[in-house]
Amino acid sequence: MFRDDLLRDERILVTGGGGDLGRAMAARFLDLGASVVLCGRSPERLDAALAAPAIARHAERATALPCDLRDPAAVAAMMERIWQDGPLTVLVNNAAANFIAQTERLSARAADAILGPSLHGALYATLEAGRRWIDAGDRGTVLSILSTSARTGRAFTAPSEMAKAGLEAMTKSLAVEWGPKGIRMVAIAPGAFETETAARQLRPGAGDGDEGGFAGLAEWIPDGRLGRTDELADLAAFLLSGPAAHITGETIAIDGGAHLRSSGAEDLLRWPQEKWDAVRQRR
Ligand SMILES: CCCCCCC/C=C/C(=O)SCCNC(=O)CCNC(=O)[C@H](O)C(C)(C)COP(=O)(O)OP(=O)(O)OC[C@H]1O[C@@H](n2cnc3c(N)ncnc32)[C@H](O)[C@@H]1OP(=O)(O)O
Ligand SMILES: NC(=O)C1=CN([C@@H]2O[C@H](COP(=O)(O)OP(=O)(O)OC[C@H]3O[C@@H](n4cnc5c(N)ncnc54)[C@H](OP(=O)(O)O)[C@@H]3O)[C@@H](O)[C@H]2O)C=CC1
């Protein structure tokens with residue numbers, strides 16, 4: 001679909017690069033000639049990502065740095081370390097945290113567990129990359145991974161929707177403020193992609209024959225299926241490439257049209273209290 005060297009000149013940081021979608025994007029960027037740095041909290045998850053065949057076959061262009069994005073000093077130190085080897089050209093804000101809960105039962109710590117990486121961490125990383133690009137007069141691109149539910153809102157995951165809507169506002173605001181400085185801001189809003197954590201955090205299942213996971217969701221998606229990670233990775237590659245140079249401030253949904261009919265969480269409105277209690281017990 002793309003020229004093999006489409007991203008040859010790019011050096012890309014993928015936050016949450018040990019997760020499913022981050023890993024798929026990183027592998028695609030490497031296939032297209034980019035150098036990639038992965039970050040995340042868990043060194044084990046990062047090592048596993050680097051050892052995955054799709055990434056390991058480009059080992060000379062793939063590295064990883066553990067970093068907790070909730071800590072602004074840790075983000076600054078990571079960027080300092082990265083820039084010692086040369087500037088990034090792209091930041092992909094992919095890391096996030098999410099879980100379903102009755103919102104009125106969230107503690108402040110629980111709200112921060114979601115807002116910390118998903119909103120603050122992405123902003124810290126964007127500021128650290130952006131000011132380095134601006135100081136050096138370099139061009140740069142920030143790609144943020146949102147969610148279609150930033151548009152629809154979504155019951156039982158309010159802090160995540162607030163974080164994603166905030167990142168969409170950042171994308172639009174900085175497209176204008178930083179556009180004249182050569183920095184492009186783009187975003188992708190995925191619908192349902194059956195990654196291991198999304199299924200566990202958003203569809204944990206709780207008895208009553210509910211096995212959890214995304215089984216059954218395809219029925220209400222207009223094109224009849226969930227998203228595939230390779231499709232998201234290809235969209236990301238396009239948005240980072242030369243032919244997308246005039247696209248900024250935009251968020252592209254990739255969800256088979258699902259958000260135009262539903263946020264995908266309406267079935268949870270029918271859950272009895274016992275089921276919510278069971279999910280809460282499990283965490
Ligand atoms: C269908 C179409 C649309 C789809 C839309 C999908 C949109 C987005 C999807 C995704 O983002 S999927 C990706 C999700 N990935 C992750 O969440 C990965 C990272 N996960 C984590 O880091 C953890 O799972 C975490 C729980 C989110 C955070 O862990 P952390 O170590 O920061 O927290 P803790 O110290 O364990 O807890 C802090 C605080 O939070 C409370 N809490 C934790 N889990 C729950 C829960 N399930 N329900 C309620 N509360 C929870 C925990 O009790 C602590 O609060 P206090 O008890 O101290 O008050
Ligand atoms: N899967 C889906 O259906 C959808 C996903 N999305 C979005 O796509 C992106 C990727 O999701 P997905 O691959 O499914 O989820 P994953 O949980 O697999 O990936 C999220 C990654 O974020 C990292 N992360 C979480 N907290 C922090 C932190 N404090 N510091 C650094 N890294 C952190 C995690 O690594 P570690 O725990 O090691 O830190 C994890 O690898 C997210 O932004 C998500 O909101 C949006 C819509 C739908």
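Remember, it's 1-based here, ligands and their atoms both numbered in the order they're listed.
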Nearest to [atom], what protein heavy atom do you find, and at what distance?
atom	answer
atom 9 (C) of ligand 2	Asn94 OD1, 3.1 Å
atom 30 (N) of ligand 2	Leu69 N, 2.9 Å
atom 41 (O) of ligand 2	Gly19 N, 3.1 Å
atom 14 (O) of ligand 2	Thr195 OG1, 2.6 Å
atom 1 (N) of ligand 2	Phe193 O, 3.0 Å
atom 27 (C) of ligand 2	Arg41 NE, 3.5 Å
atom 40 (O) of ligand 1	Ala110 CA, 3.1 Å
atom 33 (C) of ligand 2	Ala95 CB, 3.8 Å
atom 8 (C) of ligand 1	Asn98 ND2, 3.3 Å
atom 44 (C) of ligand 2	Lys164 NZ, 3.8 Å

Ser160 N/O under 3.5 Å from ligand 1 N/O: no

Only one of Asp234, Thr229, Asp230 forms a side-chain hydrogen bond (donor to acceptor under 3.5 Å, both in side chains) with Arg28, so which one is it? Asp234

Among Ala96, Pro43, Gly16, Ala97, whose heavy atom sits nearest atom 25 (C) of ligand 2? Ala96

Nearest-option assignment for atom 48 (C) of ligand 2, heavy atoms, candidates Ser147, Ala198, Gly191, Gly227: Gly191

Yes or no: does [X] have any heavy atom under 4.0 Å from an atom of ligand 2?
X	result
Leu146	yes
Ala199	no
Asp68	yes

If you measure every N or O of [X] against every N or O of ligand 2, does any of those distances drop under 3.5 Å?
X	result
Glu194	no
Gly17	no
Ala192	no
Gly40	no

Could you tell me whether Arg45 approaches ligand 2 through its side chain, its backbone, both or neither, with non-hydrogen atoms closer than 4.0 Å? side chain

Which is it for Thr197 and ligand 2 at heavy atoms under 4.0 Å: side chain, backbone, both or neither? side chain

Heavy-atom protein contact below 4.0 Å for atom 48 (N) of ligand 1: yes

Need the ligand 2 atom indices (1-based, order shown) with element for anything under 4.0 Å from a heavy-atom of [X].
X	result
Ile145	7 (C), 8 (O), 9 (C), 43 (O)
Cys67	30 (N), 31 (C)
Pro117	26 (N), 27 (C), 28 (C), 29 (N)
Gly18	41 (O)

Look at Glu128 together with Arg132 and state whether they make a salt bridge at an N to O cut-off of under 4.0 Å. yes

What atoms of ligand 1 come within less than 4.0 Å of a heavy atom belonging to Ser107? 55 (O), 56 (P), 59 (O)

With backbone taken as N, CA, C and O and side chain as the heavy atoms from C-beta onward, which portion of Thr197 lies under 4.0 Å from ligand 1: side chain, backbone, both, or neither? side chain

For Phe193 and Arg228, the nearest pair of non-hydrogen atoms, with its separation, is CE2-O, 3.1 Å

